[in-house]
2 protein chains.
Amino acid sequence: MTNSNEDIKCPVASTLKFIGGKWKTVILYYLTSGKKRFGEIAVRIPTISRKVLTQQLKELERDGLIFKEQYKEIPPRVEYSLTDLGKSLNLVFKEMSNWGLENVLNKK
Amino acid sequence: MTNSNEDIKCPVASTLKFIGGKWKTVILYYLTSGKKRFGEIAVRIPTISRKVLTQQLKELERDGLIFKEQYKEIPPRVEYSLTDLGKSLNLVFKEMSNWGLENVLNKK
DNA sequence: CCGAATCCTCTAGGATACTG
DNA sequence: CAGTATCCTAGAGGATTCGG
């Protein structure tokens with residue numbers, strides 16, 4: 001879901017470019033509750049591979065939604081947290097969460 | 001973005017399953033202003049191929065977000081409109097639209 | 001512990017041509 | 001006009017291994 005310019009200028013679709021990855025909403029939503037280490041996120045999403053997790057985190061960082069803190073220790077420690085831009089998605093997530101709860105999860 | 005069950009129960013992600021296709025938000029957003037014919041949608045989204053448009057419409061119909069009316073005339077006429085479930089996404093779209101306008105479209 | 005490096009699979013999405 | 005029917009490709013996503 002990289003930015004490409006060949007597209008329609010649809011505000012809704014442009015938002016999707018940022019959060020449209022398969023795991024991005026899950027990651028961002030999880031980070032809502034505060035700073036998390038790489039391993040914590042990985043545990044929380046058992047079905048994601050390390051590579052993909054790294055990828056998605058990189059894209060989120062590139063898009064300015066999350067912030068990466070790296071401690072040069074042994075063993076290494078890396079922490080991810082939401083930037084202001086990332087936090088500004090909370091209204092979007094709130095509505096998406098409501099809709100998902102009402103119309104999907106509580107439906108089956 | 002078909003429904004698969006192997007995933008986390010994340011409300012936000014489950015919503016994405018419904019609107020996560022490349023063109024789905026654009027289509028749904030356009031249908032907000034009322035019932036539209038296949039051709040009208042195609043014109044509105046010039047860069048989409050007929051096949052893909054058909055695909056996305058089918059999935060949206062399967063997911064209960066849009067309703068398809070088919071008139072057995074020559075030449076054929078087909079009209080798509082939002083279902084109640086589709087309309088219930090308006091809050092989600094509103095927030096996504098706001099965010100996209102503020103943080104993407106008006107940023108560059 | 002974190003993640004870079006490979007290699008591989010799968011499918012969403014695209015180009016084009018044909019039909020009732 | 002509104003689709004099918006083929007064929008094709010890029011890239012998202014996955015499994016595994018290696019390294020600081």
Side-chain angles (χ1 to χ4, degrees), chain A residues 1-8 10 13 16-28 30-31 35-63 66-81, chain B residues 1-8 10 13 16-28 30-31 35-63 66-81:
Chain A
M1 301 272 173
T2 316
N3 274 340
S4 50
N5 307 325
E6 15 101 0
D7 301 321
I8 318 283
C10 171
L16 207 52
K17 292 246 180 72
F18 284 74
I19 62 174
K22 180 166 182 185
W23 305 103
K24 287 185 183 173
T25 54
V26 182
I27 297 171
L28 291 171
Y30 184 39
L31 287 183
K35 189 182 293 187
K36 295 284 180 302
R37 298 184 59 164
F38 183 91
E40 294 182 282
I41 306 176
V43 167
R44 177 72 169 223
I45 315 176
T47 52
I48 195 176
S49 71
R50 293 176 178 292
K51 194 205 87 172
V52 174
L53 179 52
T54 305
Q55 263 181 8
Q56 304 265 313
L57 287 169
K58 258 189 191 161
E59 290 184 21
L60 288 170
E61 191 193 0
R62 180 204 62 196
D63 291 341
I66 66 174
F67 177 67
K68 176 180 183 177
E69 250 167 318
Q70 196 145 199
Y71 301 87
K72 288 282 176 189
E73 315 168 343
I74 304 291
R77 185 159 57 111
V78 181
E79 293 179 340
Y80 295 92
S81 52
Chain B
M1 300 271 175
T2 314
N3 274 341
S4 50
N5 307 325
E6 15 101 0
D7 300 322
I8 318 284
C10 171
L16 248 189
K17 292 246 181 72
F18 284 75
I19 62 175
K22 180 166 180 185
W23 305 103
K24 286 184 184 173
T25 54
V26 182
I27 296 171
L28 290 170
Y30 184 39
L31 288 182
K35 189 183 294 185
K36 294 285 180 300
R37 301 185 57 165
F38 183 91
E40 293 182 283
I41 306 176
V43 167
R44 177 73 169 221
I45 314 176
T47 52
I48 195 176
S49 72
R50 292 174 176 293
K51 194 204 88 173
V52 174
L53 179 52
T54 304
Q55 264 182 10
Q56 305 265 311
L57 287 168
K58 259 188 188 158
E59 291 184 21
L60 289 170
E61 190 194 0
R62 180 204 63 196
D63 291 341
I66 66 174
F67 176 67
K68 176 180 181 176
E69 251 167 317
Q70 195 143 201
Y71 301 87
K72 287 281 178 188
E73 314 170 341
I74 305 290
R77 185 159 57 113
V78 181
E79 292 180 340
Y80 294 92
S81 53

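Naming: A, B, ... by sequence-line order, numbering from 1 per chain.
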For [X] and [N], give me the distance from atom [atom1] to atom [atom2], rounded to whole Å.
| X | N | atom1 | atom2 | result |
| --- | --- | --- | --- | --- |
| B:Ile45 | C:dG13 | CD1 | P | 12 Å |
| A:Leu16 | C:dG13 | CG | C1' | 15 Å |
| A:Lys22 | C:dT11 | NZ | C1' | 11 Å |
| B:Ile48 | C:dT16 | CD1 | C1' | 16 Å |
| B:Glu73 | D:dG3 | CD | P | 13 Å |
| B:Arg44 | D:dA2 | CZ | C1' | 20 Å |
| B:Glu69 | D:dG3 | CD | C1' | 17 Å |

Do we get A:Lys36 above A:Tyr30's six-membered ring, with its NZ or CZ under 6.0 Å from the centre and within 45° of the axis? yes
Once side chain to side chain contact (heavy atoms under 4.5 Å, CB included) is applied, do any residues pair with [X], and if so which ones, sequence neighbours excluded?
| X | result |
| --- | --- |
| B:Glu61 | B:Ile66, B:Lys68 |
| A:Lys58 | none |
| A:Arg50 | A:Phe38 |

Provide the closest heavy-atom pair for A:Lys17 versus A:Lys24 in the form atom of the first, atom of the second, distance. O-NZ, 4.4 Å
How far apart are the closest heavy atoms of A:Ile19 and B:Leu16, and which atoms are they? O-CD1, 3.5 Å
side-chain hydrogen bond (donor to acceptor under 3.5 Å, both in side chains) with A:Gln70: which residues, sequence neighbours excluded?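 side-chain hydrogen bond (donor to acceptor under 3.5 Å, both in side chains) check on A:Gln70 returns nothing, list empty.
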How sharply is the helix from C:dC1-D:dG20 to C:dG20-D:dC1 bent, taking the axes over five pairs at either end and rounding to 10 degrees? 50°
Categorize B:Gln56 for me: base, sugar-phosphate, or nothing, with a 4.0 angstrom heavy-atom threshold over every strand shown. sugar-phosphate
Give a yes or no answer on whether the side chain of B:Gln56 reaches the backbone of B:Leu53 with a donor-acceptor pair at less than 3.5 Å.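 No: the side chain of B:Gln56 does not pair with the backbone of B:Leu53.
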Do the charged groups of B:Glu69 and B:Arg77 touch, with an N to O distance under 4.0 Å? no
Between the protein and nucleotides 2-6 of chain C, are there any N/O to N/O pairs under 3.5 Å, and if so, what are the atom names and distances?
unit_1: C:dC2; atom_1: OP1; unit_2: A:Arg37; atom_2: NE; d: 3.3
unit_1: C:dC2; atom_1: OP1; unit_2: A:Arg37; atom_2: NH2; d: 3.4
unit_1: C:dC2; atom_1: OP2; unit_2: A:Gly39; atom_2: N; d: 3.0
unit_1: C:dG3; atom_1: OP1; unit_2: A:Lys68; atom_2: NZ; d: 3.3
unit_1: C:dG3; atom_1: OP1; unit_2: A:Tyr80; atom_2: OH; d: 3.3
unit_1: C:dG3; atom_1: OP2; unit_2: A:Tyr80; atom_2: OH; d: 3.2
unit_1: C:dA4; atom_1: OP2; unit_2: A:Lys58; atom_2: NZ; d: 2.8

Starting at the 5' end of DNA chain D, which residue's closest nucleotide do you reach first, A:Ile74 or A:Gln55?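 Its nearest nucleotide being more 5', the pick is A:Gln55.
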